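In what follows, chains carry the letters A, B, and so on, assigned in the order in which the sequence lines appear, proteins first and then strands, with residues in each chain numbered from 1. If you're wondering where the values come from, they're calculated on a predicted model, not measured in any experiment.
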Amino acid sequence: MTLSKKDFLGLRNINCHEINEILETAKLMKYTLVKNNKKTSYLQGKTIVTLFYENSTRTRLSFELASKYMSASVANVSASSSSVAKGESLMDTGRTIERMGVDVIIIRHPLSGAAHLLARNVNVSVINAGDGMNEHPTQALLDMFTMCEKKGGIQGLQVAIIGDILHSRVARSNIWGLTTMGAKVRVAGPSTLMPPGLEDIGVQVFSNVEDAIRDADVVMALRLQKERQESSLLPSIREYSKVYGLNKERIALARKDVLIMHPGPINRGVELTSHIADCVNSTINEQVTNGVAVRMALLYLITRRRQNSNALYS
Amino acid sequence: MLCIHNGNIIDGKRKDFYQGDILIDKGKIVEISCNNLCYKAEKIIDAKNLWVMPGFIDVHCHLREPGFEYKEDIASGTRSAAAGGFTSIACMPNTKPTIDNAAMVNFIKMKAAQEGKVKVYPIGAITKGREGKELTEMKELLEAGVIALSDDGDPVSDSRIMRLALEYAGQWGLPLISHCEDKSLAKDGVMNEGIISTMLGLKGIPSAAEEIMVARDVILAGTTGAPLHIAHVSTKGSVEIIRKAKSMGIKVTCETAPHYFSADEKWVDGYDTNAKVNPPLRTEEDVEAIKKGLQDGTIDIIATDHAPHHRDEKEIEYPLAASGISGFETAFALCYTNLVTENVISLVELVNKMSTIPARIFKIHGGTLEVGKAADIAIVNLKEEYTIDVQGFYSKGKNNPFHGKKVKGKVVYTIVQGKVVYDDGKII
Ligand SMILES: [Zn+2]
Ligand SMILES: [Zn+2]
């Protein structure tokens, strides 16, 4: 088991075999996660750096714990978003970190394509933990892992993604991953937050949220940033929750065993009502656990790949 | 005396070409003949199997001096132009300080005379400091030698100021070159808005941001009767608006740049900052419309919008990277490869669009090969196929998305005022 590329930047250019590989490995990792002694030695001697230009407690913690459960050394580098445009360039920072004997750099950055830029300029593996509006591939992997667990597979599932598709890297990664794995993706949201051309990549676009949810196996709500109202993309958060928020009536249109997902953190009463967030169909808490398992799997596979390639030259 | 012997001559006047010799003395063409004129000359350029044409005239480039010499300066920029077959170029005023007064115009002219390899014609700003608020002293700029006015890099957003500028400059027939961009629509977009911006998660610039300004400006040109030239046309809608305006008799001309018919938005995939340019590379459909516009004459000329940048401004996160393509040294090859060999326009029409028509619109000397006129000449080899390599550029800016692409059509000699300034890869 291994991955074909040095880096893991997104789900757009990854085939179903590799996604399956990660999801299967994540299953094994989840066993160790629920054990009393979680520690394994899979990443013994490896060093991992998280390089975060955006605050994200949960994603960073998830990666950090995933690394530690497998005995890797982890260091965290934080840079404020405001330092992106000035100060040391991303390339220079990346090369400096590389020189310190690091095996994997995990990057979170407010600009699309930043992970790609870093990956092109260092020899160590780069994992994208979210780049601007582009991708957040480990989030989509954990979403897919959760769907697999609950539904037994992804092929043929009807997945509705609701909300701000335009700005959402979670939506993009899920669209790529789910369509590759044979699910049908539908989206609904305000037309001011809907990017053009989605039909061309196999996504069904609905102007009406009810139509998107009808008979869906999975309904995923996206986080709505408050800035959208300030930049006139929305008249008000209030109207958004009224027209697009997930509530009991809307969820009743989906299949009985529908999964309700959210990448978190939730704005209760905006993207979904508390009732829906906490109902039995909600997988929101489980997604968090699965996030660690999936990230363990990815780190395991990506560092193995490097070991193999090193072996070739020794 | 210099004799260009036995070349295929396109003179910018006739619709066909002929084989012959061109004799040059004291910077001027003294004889053009189908007979051998070598016996009259000390120096001979054997142009057998080569094409001899009026030197190219670029009415839209950025030489970056003064203020941004780390990107380009007049010395390097004019060498780059010479290597591209250009003999006359007009530089945009978005320098630091802005070329918005006669003293600045004189500075550019003096620098160009001292260090330049080709003829440089400054373009003055429309508004002071290119701030879009107060008109520049246009008559004085004209007398100092500007060939046009433009706030390029930015639009004149205030419609009233644009109207006043057209009225005022129009008194002396001085053309305004409009960079058409509705800033509020383009906002923080970094590439064309469409399927690729969706796929890459990059903020899009809609076609409407360009087209609304094109429409506004042709309406203002219509009501003022002043000459208007639209810079870097990139969308189908812009071509249609200009076509309509011309059919209504409005005095509007326009240009496109080689990248708008040689590449499309897909080139941005992989976050290639060298494909970041403003206006952005558009869709395949737009590329086809640009070609159609060139074919039917809606698009009068081709200009490079040569916009060199330092590598530190390009080897960064895509949304932060500077916009622009270093275009002098790939212009002819891209035009020949993508327009002439594809039968969009003929070679003679290409020479018209790269030399004869820009000379006419902006009243610049050149654009034809005629006895008694200045010997500004480009000699090209159309057979030679080669791979574009930015490391070989004379420009300081290596930012060009066509690096590594195979093209046809190579400039072999550039002659300015009778002097060979570029000889088979070498600046002289
Ligand atoms: Zn411009
Ligand atoms: Zn320009």
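- Annotation: the span from B:Tyr318 atom OH to A:Asn134 atom CG amounts to 13.0 Å, rounded to 0.5 Å.
- Legend: salt bridge (charged side-chain N to carboxylate O under 4.0 Å, His left out) pairs involving residues 184-209 of chain B, not counting sequence neighbours, sorted by first then second residue: B:Asp188-B:Lys203.
- Heavy-atom distances place the side chain of B:Asp269, and not its backbone, under 4.5 Å from chain A.
- Taken to the nearest 0.5 Å, the OG1 atom of B:Thr198 stands 9.0 Å off from the CG atom of A:Asp200.
- Other residues, nucleotides and ligands contribute more than 12 heavy atoms inside 6.0 Å of the CD atom of A:Gln225.
- Nearest heavy atom pair, residue B:Ile195 against residue A:Ile201, reads CD1-CG2, 3.9 Å.
- Summarising the local packing, CZ of A:Arg120 is surrounded by more than 12 heavy atoms from other residues, nucleotides or ligands at distances under 6.0 Å.
- The environment of B:Lys244 atom NZ is sparse: at most 12 non-hydrogen atoms of other residues, nucleotides or ligands sit within 6.0 angstrom.
- Residue B:Ile316 holds its CD1 atom at 10.0 Å from CE of A:Met91, rounded to the nearest 0.5 Å.
- Around CD of B:Glu284, the count of heavy atoms belonging to other residues, nucleotides or ligands within 6.0 Å does not exceed 12.
- Each of A:Ser168, A:Ser112, A:Gly197 has some count of heavy-atom pairs under 4.5 Å with chain B, and the biggest count is that of A:Ser112.
- Other residues, nucleotides and ligands place more than 12 heavy atoms under 6.0 Å from the NZ atom of B:Lys398.
- A distance of 5.0 Å separates CD of B:Glu317 from CG of A:Leu90, quoted to the nearest 0.5 Å.
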